[in-house]
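What follows is a short report on a single structure.
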Amino acid sequence: MGAAHGLGDAGVRHAPGRLGMTESVSGEDGATTLRTHRCGSLRSANVGAAVRLGGWVHGKRNLGGLVFLDLRDRDGLVQVSFDPALVDESTRDLAASVGKESVVLVEGDVVARPPAGRNPELATGEVEVKARSLRVIGPAVTPAIPVARAKGEALPAEELRLRHRYLDLRRPELQHNLILRHRLMQTTRQFLGAQGFLEIETPILTKPTPEGARDYLVPSRVHPGAFYALPQSPQLYKQLLMVSGFDRYFQIARCFRDEDLRADRQPEFTQIDIEASFVGPEDIYRVAEGLIVALWKEGGRDIARPFPRMRYEDAMERYGCDRPDLRYGLELFDATELFRSTDLGIARAAIDAGGRVRGVRVPGGGALSRKQVDELEVLAKGAGAGGLLRLKRDGAQWSGPVAKYLGAGAAEQIGMADGDLALFVAAPDRIANPALDRVRQELARVMQLVRGEALCFLWVTDFPLFERDADSGALGAVHHPFTSPHEDDLAMLDTEPWRARAQAYDVVLNGTEVGGGSIRIHDPELQRRVFGLLGIDDATAQRRFGFLLEGLRAGAPPHGGIAFGFDRIAMLLAGAPSLRDVIAYPKTTTANALFEGAPGAVPDEDLRELRLRRVDTTSKE
RNA sequence: GGGGCUGUAGCUCAGCUUGGUUAGAGUGCCGGUCUGUCACACCGGAGGUCGCGGGUUCGAGCCCCGUCAGCCCCGCCA
């Protein structure tokens with residue numbers, strides 16, 4: 001945080017290629033008929049120039065005879081001085097009386113500041129503008145929330161920041177975030193365009209799909225009682241573009257899902273959507289890695305490729321998670337054999353029921369307090385585990401509830417060194433995996449195992465094609481119903497389809513999924529079989545996805561693709577704590593738009609035209 | 001659908017544990033002094049539906065119930 005009124009990011013500002021200064025966006029200087037430069041772009045090289053500036057009054061210092069204004073625009077701040085020797089009294093009085101956040105036009109001369117008067121915390125701190133004239137052309141009422149903040153001053157409540165978004169967006173931090181977002185979009189277009197990908201837009205008003213997330217619905221006026229849906233993704237459209245022969249497609253696509261929000265989840269969000277024909281997974285990996293390298297480079301980070309890969313099966317076994325954070329170790333291991341012959345009831349019961357005992361070795365974990373381990377157990381239980389078994393080594397001493405059940409030498413087999421801790425969950429994998437995953441992540445946090453700014457990218461491959469509902473046994477698609485089975489597992493579709501792998505893959509960064517995709521089914525018969533396994537009969541498939549099946553029958557090339565969460569990437573590269581900080585006008589956790597007040601009521605006559613009627617929902621069901 | 005945290009001056013917060021005089025601080029805002037500040041400094045002033053509704057009580061910012069909003073999490077997100 002820079003000193004000057006929280007203008008911020010002083011360290012970043014001077015790092016070449018990082019911050020969205022004029023030069024790095026498009027090379028223009030902002031000159032118009034009303035101004036010659038942007039305020040924040042002035043440097044020592046401009047000394048001697050007569051300039052006209054337009055900007056917002058960021059701060060004001062009135063020393064009596066001498067008045068300073070800090071003038072701000074998207075490039076930054078510059079100090080403007082009103083010296084009684086150079087301006088008449090009325091101009092100086094105007095400068096002294098202008099309200100913060102007013103828009104003014106200033107004419108003046110760029111001068112070098114005397115050495116003692118320089119401000120090293122300001123990019124323009126070597127110079128100032130000595131004003132000759134001032135016009136207040138956009139007077140501002142006192143801002144409801146501060147734009148300029150003192151060092152260490154807290155942000156206003158997020159509710160107010162969203163309500164007065166036009167003010168919040170004036171803050172240099174958010175200006176930086178949106179400028180970065182712009183640059184990432186340009187990088188995407190440039191990179192994919194150069195690879196022969198065509199940017200093609202697909203409809204926003206689409207056909208409702210009962211599968212997957214809830215749709216946002218739009219009533220049709222021309223077809224009373226019928227609805228469009230806003231797209232959850234352009235999936236089917238892009239597959240049909242492949243059928244049409246466009247070969248390589250991309251879109252920076254807005255997508256909509258009517259589900260509950262999180263800090264990293266908005267009801268409308270942006271994906272980099274990619275699809276290509278005559279490809280296998282390797283082709284997608286190559287393009288995706290190239291794009292990611294380009295995006296992170298634009299964000300100021302160099303990353304190595306190719307990314308390491310891990311099969312889904314191995315990720316679950318070693319980390320209990322399909323998007324493991326590889327910035328730290330703490331791999332899981334199987335201790336079933338150690339416990340099989342013991343009298344430890346919990347372990348025996350779990351093993352007899354077909355489960356396993358798996359655990360995590362924690363080097364130096366003996367230093368954790370009883371309370372800290374108790375808290376880990378709370379997390380494990382919250383994730384569904386019955387408990388967390390503890391074993392601790394202190395010199396030659398073994399302690400913890402598990403110690404006395406293990407035979408001689410058993411503890412050594414676990415490979416624990418002096419001062420180590422081991423934590424076990426005895427349960428079937430579907431319970432142990434999420435529990436150990438939580439424990440592992442919390443251990444990394446508590447023990448501060450993540451240091452520096454490591455970027456651990458990873459491909460997770462060979463996801464299962466289906467997941468089985470724990471109660472009904474019904475199959476659901478892990479990725480989506482159009483995902484191609486692994487060619488080696490096609491035979492399993494008739495015998496044990498739940499074991500079949502998919503040609504599906506995710507890109508994971510530090511435990512966060514940044515993208516995912518698959519090779520699609522291009523054979524209409526195979527697509528019908530997969531629909532069938534998913535419980536979608538021919539008639540239903542025809543009704544919902546007839547246009548896809550029809551397209552596949554019209555001569556479909558093998559194709560596949562991937563989609564990246566663009567907002568999430570922007571958030572990561574901006575170092576922002578929330579998706580809301582990289583979206584100009586985001587929604588709240590109840591999907592409200594506080595600034596413009598959406599969603600809103602509509603007049604009854606509009607509803608009549610749509611053949612809709614308001615229904616009283618006050619009585620709870 | 002469920003759980004947690006928060007809501008007091010324009011903004012950020014204290015006051016709530018243990019109900020009791022006129023609800024405070026910093027900042028911002030308004031007025032004044034000040035010619036090199038950059039969190040300018042100094043002097044003075046205005047500014048409150050304690051989110052909203054109900055209840056308990058002689059008395060509620062504080063206790064209870066409900067409700068609204070924001071944030072975080074679980075479910076959900078093919």
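Letters go in sequence order (proteins before strands), and every chain restarts at 1.
- A/Gln542 and A/Asp538 form no side-chain donor-acceptor contact under 3.5 Å, judged by distance and modelled atom types alone.
- Contacts of A/Glu513 with the nucleic acid, taken as non-hydrogen atoms under 4.0 Å apart, are absent.
- One cannot find a donor-acceptor pair under 3.5 Å joining the base of B/rG70 and the side-chain atoms of A/Asn592.
- Side-chain N or O atoms of A/Asp73 include none that pairs as donor or acceptor with a backbone N or O of A/Gly55 at under 3.5 Å.
- Proximity of A/Arg257 to the phosphate of B/rA78: a side-chain N or O atom is located under 4.0 Å from OP1 or OP2.
- For the pair A/Asp264 and A/Ser233, both in contact range of RNA chain B, the more 5′-proximal nearest nucleotide belongs to A/Asp264.
- Using modelled atom types, one finds no donor on one side chain facing an acceptor on the other under 3.5 Å when comparing A/Tyr505 with A/Asp462.
- Between A/Arg61 and B/rU37 there is no side-chain polar atom (N or O) within less than 4.0 angstrom of OP1 or OP2.
- Taking 3.5 Å as the limit, the base of B/rG26 and the side chain of A/Lys151 contain no donor-acceptor pair of atoms between them.
- Proximity of A/Arg262 to the phosphate of B/rC74: a side-chain N or O atom is located under 4.0 Å from OP1 or OP2.
- Distance from the side chain of A/Glu259 is smallest for B/rC76 among the nucleotides B/rC76, B/rC71, B/rC38.
- In this structure B/rC13 sits in a base pair with B/rG24, meeting the Watson-Crick or G-U test at under 3.5 Å.
- An OP1 or OP2 oxygen of B/rC72 is reached within less than 4.0 angstrom by a side-chain nitrogen or oxygen of A/Arg580.
- In this structure, A/Pro156 reaches the sugar-phosphate backbone alone: every heavy-atom distance under 4.0 Å involves primed, P, OP1 or OP2 atoms, never a base.
- Ion pair A/Arg161/A/Asp581 flagged as a salt bridge, since at least one NZ, NE, NH1 or NH2 atom sits closer than 4.0 Å to an Asp/Glu carboxylate oxygen.
- Residue A/Thr142 places no side-chain N or O under 4.0 Å from the OP1 or OP2 atom of B/rG10.
- Taking only side-chain nitrogens and oxygens, A/Thr589 comes nearer than 4.0 Å to OP1 or OP2 of B/rC71.
- Ranking B/rA78, B/rC71, B/rG75 by closeness to the A/Asp260 side chain, first place goes to B/rG75.
- Applying the 4.0 Å criterion to OP1 and OP2 of B/rG70, one finds that A/Thr590 has a side-chain N or O inside that range.
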